[in-house]
Protein chains: 2
Amino acid sequence: MKKFNTSPISGTLELIPALQAEFDHLKNGIMAAFLRHGFLHIETPMIERTEVLFAKAGGDTEKQIYKVMKTAETGHEADQALRFDHTVPLARYTVEHMNDLVFPFKVTQVARNFRGERAQKGRFREFYQCDVDVIGRNQLPLTYDAEVLATLAEALKVLPLDRFVMRVSNRKILSGLLEELNLQQVSDEIFSIIDHAEKVPREKTVTALEEIGLGSENVVKITTFMEIRGAREEVAEKLQNLGFESETFRAGVKELDEVLSLVETLSPGTEIIADMLIVRGLDYYTGTVFETIVPDHLEFGSICSGGRYEDLAGYYTDQKLPGVGGSIGLTRLFSLFVECGLVKGATERAIDVCVVPITVNEMAAVELVARNLREEGLKVDLVFGDKKLGDKMKYASKVAKKVVVLGEDEAKSRSYRLRDLESGAEETRDF
Amino acid sequence: MKKFNTSPISGTLELIPALQAEFDHLKNGIMAAFLRHGFLHIETPMIERTEVLFAKAGGDTEKQIYKVMKTAETGHEADQALRFDHTVPLARYTVEHMNDLVFPFKVTQVARNFRGERAQKGRFREFYQCDVDVIGRNQLPLTYDAEVLATLAEALKVLPLDRFVMRVSNRKILSGLLEELNLQQVSDEIFSIIDHAEKVPREKTVTALEEIGLGSENVVKITTFMEIRGAREEVAEKLQNLGFESETFRAGVKELDEVLSLVETLSPGTEIIADMLIVRGLDYYTGTVFETIVPDHLEFGSICSGGRYEDLAGYYTDQKLPGVGGSIGLTRLFSLFVECGLVKGATERAIDVCVVPITVNEMAAVELVARNLREEGLKVDLVFGDKKLGDKMKYASKVAKKVVVLGEDEAKSRSYRLRDLESGAEETRDF
């Protein structure tokens, strides 16, 4: 009988071992894809000085920061807090270790972050984020935008999804357009309205644009613009046809076309479109921006997002560090996979072979057989104890795919049968 | 120029990428050994309800607990804290998910824990612990004590150490001896004095025993006892010759002999001795206890410790859950390896091959070549940008072991040279 509330705190994903194995499989697969693409793994502390985090956070993020302190201290003195993303620690890390790094610095972080959010469906307080970033020193070729996209696409192929579509834009396009329409003073508002446009009916977007003072002509221009999406060449043509001339607008269109074209080459088979609805609310993106949707599960929202930022660490250094990066929010995604039945870990047995000695006399044979199987890379469990063989077999059938029983005969003949617990098929092996 | 203090908080280990790769190699190797031995991986949240942690903590541990709270809250309301070890969350997890687990539950956790210690050399506030545990329901055969030791020994073989020695005892031996000497009332003190005996001169141990009221005859008995160590048979004989008769003492001697004998069979080649100095200060161990030393680096102290506990989760459930487990404190250990030059990550290049296109026209060839190399499991970086070839080669020679330059000729002939950046040796390959 339970004497205590033993549930984990809300807003965390605590998995039974079979599901944890599925989670690890995805996490390790994503990490392996990042490493194969030449990204270097780093880890930063989960606890940062509060001033480091607050230098960049603000608004809602600031309210969500978890402070930490020793039990003897009181809240008001707390000068440490849990990181809420990988970007702020990466900025601090890059400046701190600058002389030991080679630039462009291609880096990956796959670890937990923390937000003291009110617990609700799909919102986690502890969550894995799988990030890649490329940081340049003073400048960073546009090609890296494409490489980040191509790398993330390879990583996403690890997931149990038939299809995903990367939606890409470039913030310079909208910025240039607003410049030319003389709407810079409401630029933030318009970015935000377009960012939310998919979540509300069309009329609401129109009303919102009117409310910030746009005339009907400009409203039509913005809504026409934001609905442009499709294959690279098609979108390039439509954008040309809008008739805007500003340098920023043209630079954005050109960059977008180059990035998409490169991704087509670097990651053949990846579905990728240009989509003007993608603007990313976060103000630190300055060029390429992207989100990723799952056509069969639009309710997942974006499963992988990111973009180009002109300066990673302006708070910490005078050195200009432009970067481009993206992130997969694995904890949220995995909880969706479980909900939709896209991972079936609960029915999988994580151990490859159970080795069951009949008595303790067979222990030397157990060691030999287990060692051989482990050298093949298999996960091998040993079943000990005074229990009846039937009980040991019951344990084996719950945890393992195959079983070996070792008795006096097997030890003497140095030969055993490896039995598949599903099909019953047997294979005889010597040791 | 730095505008900000960008150092990580003290008491954390933040590594440059080459050292991080070495750290990951060891961590992944340890984890792989645990999984090969049939242990199931789980992760628990880093944040737990304070009452869960405080149910077991106490004394110094309690003072070291890091509380967490949202920035809007004040310290006194905090009801959440960062876990300080894997054992308390494991106890909560085992009770919470009991109906989904198969017992004996063989489990591993490899992740960070947190202690708000005053930062000092060798003491970390965030540190990786690599734990294995086997949890039984009502009972757990002694064989699992041996399996935990054998598994940890296999994991330790991943480390860059020529030798390590596991020192094993059983707390029942000393308990039984104290019973028979009628010293139960100072049992805790004597366990603690023996636990510290190696760190102080012999006279101090004698004085400490006298100070808690032991007569000279008992002092001799205790000090004679605590110096017994050596190979299994030798120690068994010496313990017999002490002439103690209590059931607890005899049970301890028998268990120790059985466990050591099984480890000799299950993990041939592992250096393992019986050693009465090993008692483990922690009061929750009830049988087998062990520590591990590195003969060439005694200053490391114990690099892997653990033992048998009669009841994992008495605070949370009426169900009796005996267990046995052990832990490798990897963060501390890795920092010692770096100090002693046992890891040389700083000079290693983490990328296997850099692929350098001469112009953007070779991008399709880059994709093909990189894909082929990645399919061989290699880590492949691409070097982009308008820089001169010489600058690109400089980057390649800093990060990678080999390089491929792809120009018009290579793209046309579909053949390239893979050059070793160390030896200069070249290999021609088709793609």
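Computed from a predicted model, the values in this text were never measured in an experiment. Note on naming: letters A, B, ... go to the chains in the order of the sequence lines (proteins, then strands), and numbering restarts at 1 for each one.
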A:Glu147 with A:Lys106: basic N within carboxylate O range, under 4.0 Å: yes
Structural part of A:Pro89 lying under 4.5 Å from a heavy atom of chain B: neither
Region of A:Met46 in contact with chain B, defined by heavy-atom distances below 4.5 Å: both
Proximity breakdown for A:Phe103 and chain B, heavy-atom pairs closer than 4.5 Å: backbone
Aromatic plane relationship, B:Tyr316 with A:Phe4 - under 30° parallel, 30 to 60° tilted, over 60° perpendicular: perpendicular
Heavy-atom pair count under 4.5 Å with chain B, highest-scoring of A:Leu35, A:Thr12, A:Leu368: A:Leu35
Residue list, ring-ring contact (aromatic ring centres under 6.0 Å, His included) with A:Tyr144, at least two apart or on another chain: B:Phe384
Under 4.5 Å from any heavy atom of chain B - which part of A:Val360: side chain
Best-contacting candidate, A:Arg36, A:Met98, A:Glu367, A:Met363, against chain B by heavy atom pairs under 4.5 angstrom: A:Arg36
Contact winner vs chain A - B:His41, B:Lys379, B:Glu96, heavy-atom pairs under 4.5 Å: B:Glu96
Exam field: side chain B:Thr331 to backbone B:Tyr128, donor-acceptor pair closer than 3.5 Å: yes
Heavy-atom proximity to chain B below 4.5 Å, by part of A:Leu140: neither
Salt bridge (Lys or Arg N to Asp or Glu O under 4.0 Å) involving A:Glu376 - partner list, sequence neighbours excluded: A:Arg429
Under 4.5 Å from any heavy atom of chain B - which part of A:Phe124: neither
Side chains of A:Ile47 and A:Leu82 in contact at under 4.5 Å (non-hydrogen atoms): yes
Partner chain B: residue of A:Thr44, A:Leu266, A:Leu40 with the largest heavy-atom pair count (under 4.5 Å): A:Leu266
Contacting region of A:Leu262 [heavy-atom separation from chain B under 4.5 Å]: side chain
